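Since this is a predicted model, take the numbers as computed values, not measurements. Below, read A as the first sequence line, B as the second, and so on, with proteins coming before strands; counting in each chain starts at 1.
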There are 2 protein chains.
Amino acid sequence: MPRSPSSQPTEVEIQILRILWELGPSPVREIHKRLEAAKGTNYSTTVKMLSVMLQKGLVKRDEDAQPHIYRPAASRARTGKKMLDDLIERVYEGSAMSLVLQALSSTRASKKELDEVRRLLDQMEGK
Amino acid sequence: MPRSPSSQPTEVEIQILRILWELGPSPVREIHKRLEAAKGTNYSTTVKMLSVMLQKGLVKRDEDAQPHIYRPAASRARTGKKMLDDLIERVYEGSAMSLVLQALSSTRASKKELDEVRRLLDQMEGK
DNA sequence: TGATAATAGCGAACCTGTTCGCTGCGTCAA
DNA sequence: TTGACGCAGCGAACAGGTTCGCTATTATCA
């Protein structure tokens with residue numbers, strides 16, 4: 001029984017997505033600059049990863065532009081949520097609250113942030 | 001430049017840890033029963049995975065007992081936190097609050113749970 | 001125009017994680 | 001004893017993910 005390919009973005013894929021989230025739509029060259037600075041990646045590798053990600057639907061690109069412009073297929077928030085849901089499912093078997101408590105208790109948050117959470121709580125309860 | 005091995009428990013490793021968290025210390029046979037039921041794993045595979053995990057320090061075992069008894073090296077909470085921290089770091093570059101909001105907003109929580117979060121918030125602020 | 005550089009693509013090598021076959025050892029019962 | 005069985009270990013095969021060398025195509029410009 002073979003294993004199934006991970007549905008999650010892999011390590012390098014996340015790195016590239018992060019760069020794209022930060023820079024916005026960019027040509028390979030820009031993406032590569034960051035990746036190389038971070039871990040000495042070869043240019044060919046960057047191109048290859050992008051082509052793999054394109055095929056997986058993780059990024060999109062404008063081929064009319066010269067050079068091609070890549071952009072993330074999903075927002076950071078959307079991707080993060082998916083990964084979080086997956087983590088919750090795998091480790092806590094679906095109980096998100098356990099994990100929220102974990103996250104909160106290990107964070108130094110500002111008053112502003114805490115208030116934001118409170119507001120959200122009220123909103124959830126009101127509903 | 002070769003890639004570095006993941007410091008996170010892998011897919012199958014998490015599956016095994018979950019079984020151990022649920023069952024408590026168990027012999028291979030018990031672990032295997034669950035794993036086989038879940039995905040048709042061969043007994044040899046279960047043994048192998050456990051030996052790999054033993055070497056990585058993810059599980060510990062009592063070799064005096066016959067058969068050997070395996071137990072998780074870290075609690076579910078501790079492991080979950082580590083994985084969460086890692087996720088936060090990789091996707092949100094350290095901003096845990098963003099992720100907490102995500103988790104909360106995608107959860108249907110009971111009043112009791114919400115109150116628990118509030119208590120924690122107060123506690124954090126008081127400190 | 002010919003040399004040089006930037007852009008893309010492809011296939012193969014390589015690494016980690018996963019799977020399993022085969023072997024060896026101890027125990028128990030015929 | 002011997003045969004069947006459960007337990008443990010090991011190496012090799014395999015799959016997915018990552019890396020890069022090599023080649024082709026298209027600008028760039030002396």
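- Between the CG atom in D85(B) and the NZ atom in K81(B) there is a gap of 3.5 Å [rounded to 0.5 Å].
- Within a 6.0 Å radius of CD in E63(B), other residues, nucleotides and ligands contribute more than 12 heavy atoms.
- Taking 4.0 angstrom as the limit, Q66(A) places a side-chain polar atom (N or O) nearer than this to OP1 or OP2 of dA8(C).
- Only N42(B), S44(B), T45(B), K48(B), M49(B), listed by number, bring a heavy atom of residues 42-53 of chain B to less than 4.0 angstrom from any atom of DNA chain C.
- Taking side-chain N and O atoms only, R61(A) has no distance below 4.0 Å to OP1 or OP2 of dT7(C).
- Closest to the side chain of V12(B), from the set dG9(C), dT18(C), dT18(D), is dT18(C).
- Each of T41(A), I16(A), V59(A) was checked for a side-chain contact (heavy atoms from CB on, under 4.5 Å) with I31(A), and the lone residue meeting it is I16(A).
- For the side-chain contact (heavy atoms from CB on, under 4.5 Å) with E11(A), the lone residue among E13(A), Q15(A), Q8(A) that qualifies is Q15(A).
- Taken from CG in L17(B) to OG in S75(B), the straight-line distance is 10.5 Å, to the nearest 0.5 Å.
- Between V91(B) and R18(A), the closest heavy-atom pair is O-CG, 4.2 Å.
- At least one side-chain nitrogen or oxygen of H68(A) sits closer than 4.0 Å to the OP1 or OP2 atom of dA8(C).
- Of the residues in residues 23-31 of chain B, not one places a heavy atom less than 4.0 Å from an atom of DNA chain C.
- Of the possible polar contacts, none joining the S51(B) side chain to the M49(B) backbone as a donor-acceptor pair under 3.5 Å is found.
- One distance of note links CH2 of W21(B) with CD1 of I14(B); it measures 5.0 Å at 0.5 Å rounding.
- Side-chain N/O atoms of T10(A) include none lying less than 4.0 angstrom from OP1 or OP2 on dG16(D).
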